[in-house]
Structure formats: structure tokens, C-alpha cells
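In what follows, a structure is listed as C-alpha cells, so that the remarks can point back to it.
From a predicted model like this one, the values you see are computed outputs, not experimental measurements.
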Amino acid sequence: PAKKDEGKKEAAPPLFSGGKSGDYQFAVCHIFASFNDTFIHVTDLSGKETVCRVTGGMKVKADRDESSPYAAMQAAQDVAQLCKDKGISALHIKLRELVMFLQEELNK
């Protein structure tokens with residue numbers, strides 16, 4: 001009788017496979033920076049399928065550190081590693097921030 005490989009998990013195939021070797025596999029990275037947290041959300045080009053989603057709050061333990069530059073840096077490093085693991089080689093960055101709020105406060 002053949003033995004079953006129990007406990008061994010097969011690696012998931014890359015999300016973006018195919019194409020010629022050397023071709024870039026693009027995805028869209030949506031970054032939202034607020035006063036309370038930093039959200040990094042990577043989707044395919046259509047925006048329908050989520051590749052990965054990481055926040056600054058997922059990387060630090062204290063609530064006061066969620067919006068810190070350190071938490072954002074850790075989240076960005078985690079996203080970069082997850083994208084590499086899934087076969088993404090190029091990202092289109094879309095940055096969203098609270099610019100309208102800041103402009104209104106400066107104009108007062």
C-alpha cells in the first residue's frame with residue numbers, strides 16, 4: 001500500500017503565472033494613509049481580486065503605534081514578500097491620503 005503524505009502541504013501555484021519568462025506580472029497597490037492607520041491593499045489590474053491586504057495595526061501591538069512610520073514600513077515589507085511569493089514582479093502604486101482635510105485646515 002502507498003503511504004499518504006500527511007501533514008505536507010503543497011505550495012500554492014503563483015497567482016499570476018504564464019507569459020514569457022522575463023515578462024512583468026503587474027498588480028495594483030492601493031495605499032491609504034490616515035492619521036490612525038496605514039492600509040496597503042494589493043489587487044489584480046481589474047481591482048476585483050485581492051492579492052494581499054496588510055495594515056500597520058497588524059504589525060505592531062500597541063494601538064498608538066498603528067499610524068507610525070515603523071508600522072507602515074513593516075507592512076510594506078510584508079506586502080513585498082507576499083507579492084514575490086505569488087509571482088508579481090511589478091506594482092502600480094495608487095496613493096490616497098487625507099489631502100482635502102489638510103488643505104481645509106491650512107486655509108483657515
Side-chain angles (χ1 to χ4, degrees):
K3 292 183 180 180
K4 293 183 180 178
D5 291 333
E6 294 180 13
K8 288 187 178 181
K9 294 183 179 178
E10 293 182 24
L15 182 65
F16 296 91
S17 60
K20 300 175 190 173
S21 66
D23 283 349
Y24 291 111
Q25 299 298 326
F26 279 92
V28 181
C29 180
H30 306 270
I31 301 174
F32 175 65
S34 71
F35 290 111
N36 296 322
D37 207 349
T38 301
F39 300 89
I40 305 174
H41 185 195
V42 180
T43 63
D44 62 350
L45 288 177
S46 67
K48 292 182 180 179
E49 185 175 349
T50 296
V51 176
C52 62
R53 182 179 54 209
V54 181
T55 66
M58 294 168 65
K59 297 288 136 191
V60 293
K61 291 186 179 179
D63 289 339
R64 66 179 180 268
D65 294 333
E66 288 181 2
S67 62
S68 68
Y70 174 75
M73 181 182 66
Q74 292 296 316
Q77 288 177 348
D78 196 19
V79 165
Q81 186 60 45
L82 289 169
C83 287
K84 283 182 185 178
D85 293 344
K86 294 188 179 182
I88 298 170
S89 58
L91 287 175
H92 178 76
I93 306 294
K94 288 191 173 185
L95 180 64
R96 194 174 91 184
E97 54 189 334
L98 298 174
V99 174
M100 295 302 292
F101 174 77
L102 293 175
Q103 288 177 350
E104 290 174 11
E105 290 297 317
L106 291 174
N107 291 333
K108 286 185 180 181

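With Val28 as the partner, the side chain to side chain contact (heavy atoms under 4.5 Å, CB included) test is satisfied by one option alone out of Leu45, Val42, Leu91, Ile93: Leu45.
In this structure, His92 NE2 and Thr43 OG1 are separated by 10.0 Å, a value rounded to the nearest 0.5 Å. Taken from NZ in Lys94 to SG in Cys29, the straight-line distance is 11.5 Å, to the nearest 0.5 Å. Between atom NE2 of residue His41 and atom CZ of residue Phe32 there is a gap of 14.0 Å, rounded to the nearest 0.5 Å.
With hydrogens and angles ignored, the 3.5 Å screen pairs a side-chain donor or acceptor of Ser89 with a backbone N or O of Gln25.
The salt bridge (charged side-chain N to carboxylate O under 4.0 Å, His left out) contacts involving residues 50-79 comprise Lys59-Asp78, where partners must be two or more places apart or lie in separate chains.
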Side chains of residues 70-77: which donor-acceptor pairs under 3.5 Å do they make with residues two or more places apart or in other chains?
none

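Linking ILVMFWY side-chain heavy atoms closer than 4.5 Å, directly or via other members, places Met58 and Val60 in two distinct hydrophobic clusters.
At a threshold of 4.5 Å between non-hydrogen side-chain atoms, the residues Ser67 and Ser34 do not count as touching.
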